[in-house]
J.: 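The structure's right below; bear with me while I get my questions together.
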Amino acid sequence: MSERYTIAIPMAGLGTRMRPQTWSKPKPLIHLAGRTVLDYVLDQFQSVPRFKDARFVLILGPNQEDQVKPYMREHHPDMDVHYVIQELMRGQSDALYLAKEHLDGPMLMVFSDTLIETDLSFLDNEPLDGVAWVKEVPDPRRFGVAETTDKGLITRLIEKPTEMDNNLAVVGFYYFKNGNQLMRAIEQQMTNNISLKGEFFLADAINIMIKAGAELRVQSVDVWLDAGKPDALLKTNRHLLENGNDNSSQAKKQENVSIIPPVYIHMDAIIQNSIIGPHVSIGKDAVIENTILKNSIVEQGAMIKCMVLENSLIGRSAAVHGRSEIMNIGDNSWIKI
């Protein structure tokens with residue numbers, strides 16, 4: 001029988017760009033288009049061979065366990081999930097190395113704010129030692145980039161380049177045929193203290209693998225969604241609503257509410273005398289009254305009254321009452337304008 005795949009998802013230390021939303025919850029538990037970011041991250045592995053047998057390793061920060069574990073038990077009870085805690089934020093390679101006891105065979109790794117559309121069914125027949133998914137971008141400087149041969153073999157990864165001549169951005173999604181090979185490279189990386197500002201980057205470990213003779217190639221993607229910043233999260237929400245997650249036909253049944261598709265409105269949300277959409281996601285038990293709302297995400301239990309909101313994130317159980325604004329309001333906040 002073929003080996004089962006292990007899927008590693010580092011989640012620690014990824015929330016600073018999403019504050020205040022992440023003061024009170026891990027970034028992967030932010031909702032958009034009817035589900036959490038974590039749900040969509042897990043879904044992108046459905047095409048892995050023998051997906052039902054796959055093992056998931058979630059690498060959490062010290063303040064994430066109490067919310068992520070119950071969420072996984074409730075929403076993904078049949079998944080084989082292991083948890084590793086990264087107490088100190090020492091980078092991507094360190095996170096993976098902490099999980100080394102689980103990463104001894106074929107493995108995939110994705111960052112928990114990365115969503116792509118790709119078919120993984122080829123992996124059983126992949127001849128090379130690894131694959132890095134890439135996409136051409138206008139400005140590669142905030143990403144890592146891959147230098148390749150004419151045949152697409154990776155010669156080097158560069159983390160956050162200063163030049164713009166190479167725009168082949170690495171999206172944060174990888175396959176390794178043998179996790180032990182990656183672990184040996186990370187050990188060498190740490191022994192030689194190959195780090196930047198106290199963090200060990202995965203790109204450096206992969207470069208060590210390549211120098212030792214490993215062959216990795218790039219795999220291009222057309223759709224790469226980012227859930228790592230507020231503006232990117234809203235863009236991802238728009239894409240998901242436009243591609244299969246719109247429930248506006250059901251939402252239109254509410255009285256005295258004008259719905260402009262696409263939207264996702266939870267069936268237990270209460271909407272009165274409002275205009276909703278386009279590109280709005282509203283969570284369970286949210287209350288919206290006398291409000292115009294577009295291109296925004298409203299988390300469960302939030303209350304919005306007498307507002308005109310656009311390009312906004314409203315956290316769980318937050319309350320907003322006032323006038324036209326653009327807002328990024330964390331959980332359990334109360335604002336009256």
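Starting from 1, each residue takes its place in the sequence as its number. Any value given below was found using the heavy atoms of this structure, including those in side chains, with hydrogens, waters and symmetry copies removed.
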J.: Which class fits the ring pair H82 and H102: parallel under 30°, tilted 30 to 60°, perpendicular over 60°?
T.: tilted

J.: Main chain of F201, side chain of Q92: is a donor-acceptor contact present, judged purely on distance under 3.5 Å?
T.: no

J.: Pairing donors with acceptors under 3.5 angstrom, does anything connect the side chains of H321 and E289?
T.: no

J.: Does the pair D226/K235 count as a salt bridge with the N-to-O cut at 4.0 Å?
T.: no

J.: Test your reading of the model: is there a side-chain donor-acceptor pair from S312 to the backbone of E310, 3.5 Å cut-off?
T.: yes

J.: Tell me the closest heavy-atom pair linking A8 and L96, and the distance in Å.
T.: CB-CD2, 3.9 Å

J.: Rounded to the nearest 0.5 Å, what separation is found between the CG atom of N273 and the CG atom of N256?
T.: 5.0 Å

J.: Is the distance from the ring center of F176 to that of Y5 below 6.0 Å?
T.: no

J.: Could R141 and E163 be called an ion pair, given the rule that one side-chain N must be under 4.0 Å from one carboxylate O?
T.: no

J.: Would you say L32 and L233 make side-chain contact, with heavy atoms under 4.5 Å?
T.: yes

J.: Does a side-chain N-to-carboxylate-O contact under 4.0 Å join D43 and R35?
T.: yes

J.: Would a 4.5 Å heavy-atom cut-off, applied to side chains only, mark I186 and M190 as touching?
T.: yes

J.: Closer than 3.5 angstrom, by distance alone: can the side chain of D94 be matched with the main-chain N or O of F200 as a donor-acceptor pair?
T.: no

J.: Report the distance from atom OG of S281 to atom CD1 of I297, rounding to the nearest 0.5 Å.
T.: 5.5 Å

J.: Is the F111 ring parallel, tilted or perpendicular to the Y174 ring (thresholds 30°, 60°)?
T.: perpendicular

J.: Between T6 and V57, is there a side-chain heavy-atom distance shorter than 4.5 Å?
T.: yes

J.: Are the side chains of Q44 and I116 in contact, using a 4.5 Å heavy-atom criterion?
T.: yes

J.: Any Lys/Arg nitrogen of R55 or D104 sitting under 4.0 Å from an Asp/Glu carboxylate oxygen of the other?
T.: yes

J.: Kindly say whether K151 contributes a backbone atom to a donor-acceptor pair with the side chain of T149 at under 3.5 angstrom?
T.: yes

J.: Any chance CG of L128 has more than 12 other-residue heavy atoms, nucleotides or ligands included, within less than 6.0 Å?
T.: yes

J.: Hydrogens and angles aside, do N247 and H266 bring a side-chain donor and acceptor to less than 3.5 Å of each other?
T.: no

J.: What's the verdict on salt bridge (charged side-chain N to carboxylate O under 4.0 Å, His left out) for R217 and E126, showing C-alpha distance, side-chain angles and the deciding distance?
T.: CA-CA 10 Å; R217 67 175 179 86; E126 174 57 48; 2.8 Å; yes

J.: Please answer whether the main-chain N or O of E3 pairs with a side-chain N or O of R50 as donor and acceptor at a distance below 3.5 Å.
T.: yes

J.: Kindly indicate, with the supporting measurements, whether the criterion side-chain hydrogen bond (donor to acceptor under 3.5 Å, both in side chains) is fulfilled by Y97 and E187.
T.: CA-CA 8 Å; Y97 195 70; E187 287 176 356; 2.7 Å; yes

J.: Students often mix this up, so state it plainly: with edges at 30° and 60°, are the rings of F51 and F56 parallel, tilted or perpendicular?
T.: perpendicular

J.: Step by step, would you call D78 with K52 a salt bridge (charged side-chain N to carboxylate O under 4.0 Å, His left out)?
T.: CA-CA 8 Å; D78 297 328; K52 291 183 178 180; over 6 Å; no

J.: Apply the test side-chain hydrogen bond (donor to acceptor under 3.5 Å, both in side chains) to residues Y175 and D129: give CA-CA distance (whole Å), side-chain angles for both, the deciding distance (0.1 Å), then the verdict.
T.: CA-CA 8 Å; Y175 161 72; D129 298 304; over 6 Å; no

J.: Can you tell if the side chain of I154 reaches within under 4.5 Å of the side chain of V218, non-hydrogen atoms only?
T.: yes

J.: Could you please spell out the steps behind the side-chain hydrogen bond (donor to acceptor under 3.5 Å, both in side chains) verdict for H239 and E117?
T.: CA-CA 12 Å; H239 176 88; E117 294 182 5; 3.2 Å; yes

J.: Has S47 got a side-chain atom pairing as donor or acceptor with L120's backbone, closer than 3.5 angstrom?
T.: yes

